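In what follows, a single structure is set out as structure tokens and then discussed.
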Amino acid sequence: MPSKIDFDNLSFSIMPADTMFLGRCKAEGIWDKGAYLPYGNISISPAAGVLNYGQGLFEGMKALRTKTGKLVLFRPAENGKRLAEGAQRVCMPAFPVDKFVEVVCEMVRRNAGFVPPYGKGSLYIRPCLWGTGAVLGVSPAPEYTFMVYASPVGLYFKTGFKPIKLEITREFHRAAPKGTGGVKFIGNYGGVMLPAQKTKANGFSECIYLDAREEKYIEEVGAANFFCVKGQTLLTPKLGSILPGITRKSVMQIAREVMGLTVIEKSLPVEEALAADEVFCSGTAAVVSPIGSITHEGRETVFNDFKVGKVTQALYDHLTRIQLCEEEDRFGWVVPAA
Ligand code: PLP
Ligand code: COI
């Protein structure tokens with residue numbers, strides 16, 4: 001492992017691993033074989049579609065080191081599929097899913113020294129798809145780049161696995177019905193920076209977005225999906241303008257098939273969420289993060305006395321144990337990277 005990395009004090013910030021991947025598509029969806037290169041700046045046209053019109057998507061995934069030292073990835077083909085589906089929405093050529101998985105695994109192998117020791121964090125992998133050809137009119141770029149870089153990371157929420165405080169924003173929407181909220185479109189993220197800054201200044205970890213049509217239903221957190229537990233039922237907002245999270249999908253499957261909970265995806269009214277027994281959010285970066293309170297219109301609702309709820313804990317434990325090969329991988333989710 002590179003000695004310069006302080007694996008004991010990782011945060012969710014960029015500390016680039018040595019090797020990156022860069023592939024290009026010049027015409028008709030045909031990708032070159034790409035190359036693994038030393039991490040560094042790339043040259044790009046000032047008229048690139050991604051710079052001028054935001055024609056770009058990204059993914060986020062983690063490589064983990066198990067107790068026995070194996071390097072593993074969690075459902076990497078799902079990220080590849082989501083990227084390919086998102087590409088359609090923003091008029092980009094898909095990057096083939098099998099090649100996506102191959103590149104991501106090879107990135108882990110080549111950057112193995114950057115995967116933190118067991119229990120200390122993960123190697124966060126960031127695949128990107130960008131329109132890099134020059135355009136002037138608002139139209140798809142003539143050339144595309146698929147890029148993958150990686151960075152060792154620690155926890156996403158600084159509090160660790162301690163319940164966080166969130167606020168429902170009525171000042172901002174994240175996504176419009178029929179917009180781009182359902183894809184991992186780079187523009188979605190520029191738009192949530194100001195709301196996040198404002199809410200953090202008020203002492204919250206992040207904000208929760210409501211649906212843009214009626215402002216009645218919970219959508220999601222800035223970069224994580226929303227769940228609540230009422231009795232033996234797990235509820236989560238239905239797909240549409242939210243990101244179809246891979247952690248979300250996995251949590252639902254564990255809840256249903258391992259824990260025997262009833263799982264309901266629906267338009268989730270704020271009042272119903274506030275009346276829940278437990279609330280949490282999920283994501284690659286966030287994993288399963290318990291929510292201790294939600295503030296809505298100035299009133300704070302506290303869940304489970306700010307303690308991690310039983311269902312949240314069980315889902316976190318089961319998911320992370322599968323991810324670390326400490327639980328039988330009955331769904332075939334874990335892929336050895338090296
Ligand atoms: N919602 C948004 C807006 C996100 O950016 C993410 C992170 O990727 C998620 C949800 C969770 O998705 P996943 O579990 O696939 O990481
Ligand atoms: C992820 O969970 O992987 C994300 O992409 C969240 C974020 C850092 C944008």
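Because the structure is a prediction, the values reported are computed rather than measured. Values reported hereafter were calculated over all heavy atoms of this structure, with side chains retained and with hydrogens, waters and symmetry mates removed. Atoms within each ligand, like the ligands themselves, are counted from 1 in listed order.
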Enumerate the protein residues lying less than 4.0 Å from ligand 2, judged by heavy-atom distances, in chain and residue-number order.
-> Phe12, Phe58, Gly60, Tyr124, Arg126, Tyr156, Lys184, Tyr189, Ala223, Thr284, Ala285
Do the charged groups of Arg126 and Glu59 touch, with an N to O distance under 4.0 Å?
-> no
Are Lys266 and Glu272 ion-paired here, with the side-chain N under 4.0 Å from a carboxylate O?
-> yes
State plainly whether the residues Lys216 and Glu271 are in salt-bridge range, i.e. N to O under 4.0 Å.
-> no
Where at least one partner belongs to residues 252-265, residue pairs that pass salt bridge (Lys or Arg N to Asp or Glu O under 4.0 Å), sequence neighbours excluded = Arg248-Glu265
Within the distance-only criterion (no hydrogens, no angle test), does the side chain of Ser151 pair as donor or acceptor with the backbone N or O of Tyr124 below 3.5 angstrom?
-> no
Check: Asp277 side chain, Gly231 main-chain N or O, donor-acceptor pair, under 3.5 Å = yes
Ligand 1 N/O to protein N/O, distances under 3.5 Å:
{"residue": "ligand 1", "atom": "1 (N)", "partner": "Glu220", "partner atom": "OE1", "Å": "2.6"}
{"residue": "ligand 1", "atom": "5 (O)", "partner": "Lys184", "partner atom": "NZ", "Å": "3.1"}
{"residue": "ligand 1", "atom": "5 (O)", "partner": "Tyr189", "partner atom": "OH", "Å": "2.5"}
{"residue": "ligand 1", "atom": "8 (O)", "partner": "Lys184", "partner atom": "NZ", "Å": "2.7"}
{"residue": "ligand 1", "atom": "14 (O)", "partner": "Ile246", "partner atom": "N", "Å": "3.3"}
{"residue": "ligand 1", "atom": "14 (O)", "partner": "Thr247", "partner atom": "N", "Å": "2.9"}
{"residue": "ligand 1", "atom": "14 (O)", "partner": "Thr247", "partner atom": "OG1", "Å": "2.5"}
{"residue": "ligand 1", "atom": "15 (O)", "partner": "Arg82", "partner atom": "NH1", "Å": "2.8"}
{"residue": "ligand 1", "atom": "15 (O)", "partner": "Arg82", "partner atom": "NH2", "Å": "3.1"}
{"residue": "ligand 1", "atom": "15 (O)", "partner": "Ile246", "partner atom": "N", "Å": "2.7"}
{"residue": "ligand 1", "atom": "16 (O)", "partner": "Thr284", "partner atom": "N", "Å": "2.8"}
{"residue": "ligand 1", "atom": "16 (O)", "partner": "Thr284", "partner atom": "OG1", "Å": "2.5"}

Glu85 and Arg82 ion-paired at < 4.0 Å | no
Mind checking what makes ring-ring contact (aromatic ring centres under 6.0 Å, His included) contact with Tyr149, not counting sequence neighbours?
-> none
May I ask you to establish whether Arg110 and Tyr36 are in a cation-pi arrangement, using a distance under 6.0 Å from NZ or CZ to the six-membered ring centre and at most 45° from the ring axis?
-> yes
